[in-house]
Every structure is written in structure tokens, then in C-alpha cells.
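Here the structure comes first, spelled out in C-alpha cells, and everything after it is commentary.
In the text below, chain A, chain B and the rest are named by the order of the sequence lines, each starting its count at 1. Only this structure's heavy atoms are used, side chains among them; waters, hydrogens and symmetry mates stay out. This one's a predicted model, so the numbers in the text were calculated from it and none came from an experiment.
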Amino acid sequence: MGERELIGPPLDRGFFGRPSDEVAPDLLGRVFVHGPVAVRLTEVEAYGGPGQDPASHTYRGRSPRNAVMFGEPGHLYVYFTYGMHFCANLVCMPEGIGSAVLLRAGEVIAGAEVARARRLGPADGPSAPAARRPIRDRDLARGPARLAVALGLIREHNGTDCCVPGPMRVHAGRPVDAGDVGAGPRTGVAAGAETPWRFWIGEDPTVSPYRRHVPRRRG
DNA sequence: TTTCTGATCTTCT
DNA sequence: GAAGATCAGAAAC
């Protein structure tokens with residue numbers, strides 16, 4: 001099967017203009033493409049929406065940081081966290097309602113060498129490949145920060161429209177049977193941890209291990 | 001295999 | 001000033 005058949009046609013804006021907890025499981029098996037790298041999504045989390053979601057960045061209202069989440073659906077929301085990581089979301093719901101789906105993990109199905117090079121960092125830097133343990137294929141995009149690195153997503157991509165012709169699109173891929181979709185509490189969130197808005201493809205090796213929120217100790 | 005901890009800085013209170 | 005939608009490596013088991 002050729003790559004074209006594998007990733008299918010791009011999804012249109014209507015796909016994203018729904019509640020995030022409806023879009024999230026529907027995104028499993030879809031393919032996020034950025035330039036030469038394509039990732040088949042295997043794990044996602046829904047945030048925000050019309051109701052109150054204390055775990056969402058939009059819970060306390062609009063701010064310069066989360067403005068994209070209140071914008072047009074189908075755009076990319078990239079944020080910086082823990083002082084060193086980027087995470088990527090796809091905006092859902094019509095404009096004015098802060099809602100998005102966090103891309104937590106996936107399988108790299110094209111551009112694996114580019115993704116691996118990004119994960120390893122510069123060849124002559126302190127994290128040179130020779131000084132690092134090898135990265136298994138299943139770990140290339142296993143976890144939200146790793147996925148962002150593999151796809152080359154950084155701050156400048158915040159607000160990118162993924163529903164127009166360009167290097168960044170979400171393709172139909174192959175939807176997953178409802179029976180193969182797992183659901184459970186979201187990873188690493190303190191508030192709203194009981195809401196089962198984390199969705200993954202059952203038995204898929206690229207799904208990241210669940211970690212509950214652990215309050216950090218003061219130094 | 002599981003648990004713990006340091007790294008690092010933006011955002012919000 | 002404190003916490004955070006994390007990760008990698010070390011230590012413990």
C-alpha cells in the first residue's frame with residue numbers, strides 16, 4: 001500500500017467543530033503530517049469545552065497564552081511547559097469556546113529518520129547521538145513532548161491553520177473501531193483528574209504509560 | 001520493572 | 001512566588 005492510501009485525504013474544518021471529547025476518540029488512527037514527518041495518532045486527551053473543565057488552560061478564561069484555543073477550530077495550539085517542553089493541541093468547537101485535543105502519542109509512519117534526528121538533537125551538541133542511548137521506533141512519538149519534537153512543532157507553529165493547503169495537515173488515515181478505543185483519566189493533571197477524557201488505541205505499543213499527577217516538592 | 005528526582009522557564013496569582 | 005497537560009536517567013526493589 002502506498003503512503004497516499006495510508007494517510008488518506010485531509011480532514012476539513014467541520015471535523016473539528018465539535019466538542020473535544022467527541023473529536024478526541026475520532027482522531028485516533030488519523031494521521032498528522034508536518035513536512036516530511038507523518039504520525040498516526042494513538043493517544044489523545046480532550047480539554048475544555050462548553051462545560052467547566054478545571055484541568056484545561058481555558059478554565060480561568062482567555063489569556064494571551066490560550067487565545068488560540070478560543071479561535072477557529074482546526075488550528076494548532078502549541079504551548080511551552082515545565083521549562084523545556086512543547087505540547088501540541090488541535091482546537092475544537094466554534095470560535096469563542098475554549099476547547100482542544102492534546103496529541104499525546106503516535107506512531108511515526110513516514111519521515112522516521114527526520115523524527116529520530118530531531119529527538120537526538122544536534123550532532124555536535126552536548127546531547128550528541130553517540131552519547132545517547134538509541135531511541136526505539138515505538139518511542140519516537142510516545143508522549144506529548146516527544147511527539148512535538150518528532151513533528152518539529154515549536155512556539156512559532158502556535159495558531160497554524162491545519163485545514164488549508166500547506167505543510168501541516170491532519171489526514172483521514174484509518175479510523176479505529178469503537179471496540180478498540182480505550183478511555184480513562186487524563187495523565188498528569190491535578191484538577192478534574194477523574195474525567196475519563198484520555199483516549200487511546202488498545203494494545204498499541206506507542207501509547208504512553210499512565211502517570212497520575214504528583215505534586216512537586218519545593219526546593 | 002517501578003519509583004524517584006533534577007532540569008528549566010512560562011504563566012498566573 | 002509557586003505550580004505546571006514532561007522527560008530521562010538513576011536508584012531502589
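Stems are defined here as 3 or more consecutive Watson-Crick or G-U wobble pairs with pairing distances under 3.5 Å; those involving DNA chain B are B:1-7 with C:6-12, B:9-12 with C:1-4.
Comparing A:H57 and A:R146, the nucleotide of DNA chain C nearest to each residue sits closer to the 5' end for A:H57.
For the salt bridge (Lys or Arg N to Asp or Glu O under 4.0 Å) with A:E107, the lone residue among A:R136, A:R30, A:R40 that qualifies is A:R40.
A:R13 CZ: more than 12 foreign heavy atoms inside a 6.0 Å radius. Applying the 6.0 Å contact sphere to CD of A:E95 captures more than 12 heavy atoms from other residues, nucleotides or ligands.
Remark: P of C:dT6 and CZ of A:R142 are 14 Å apart, rounded to the nearest angstrom. Atom CZ in A:R60 sits about 10 Å away from atom P in C:dG4, given to the nearest Å. B:dC12 atom P lies 16 Å from atom OH of A:Y59, rounded to whole Å.
Note that A:R186 lies in the cation-pi zone of A:Y47, set by a 6.0 Å cut-off to the ring centre and a 45° limit from the axis. For the pair A:R18 and A:F16, the cation does not sit on the ring face, since its NZ or CZ is not both under 6.0 Å from the ring centre and inside 45° of the axis.
Using cut-offs of 30° and 60° on the angle between ring planes, the pair A:F86 and A:F80 is tilted.
Checking C:dG4, C:dT6, B:dC12 against every side-chain atom of A:P144, the shortest atom distance belongs to C:dT6.
Residues from residues 182-212 of chain A placing a heavy atom under 4.0 Å of any atom in DNA chain B do not occur. Listed by residue number, A:F80, A:Y82, A:G83, A:M84 are the residues of residues 74-96 of chain A with a heavy-atom contact under 4.0 Å to DNA chain B.
Residues A:A191 and A:P54 approach most closely at CB-CB, 3.7 Å, considering heavy atoms.
Judged purely by atom type and a 3.5 angstrom limit, A:R142 uses its side chain to pair as donor or acceptor with the backbone of A:V207.
One finds a salt bridge joining A:D137 and A:R116 here, because a Lys/Arg side-chain nitrogen approaches an Asp/Glu carboxylate oxygen to under 4.0 Å.
Within 4.0 Å (heavy atoms only), A:A145 reaches sugar-phosphate atoms of the nucleic acid but no base atom.
Contact check, A:S63 against B:dC12: a side-chain N or O comes under 4.0 Å of OP1 or OP2.
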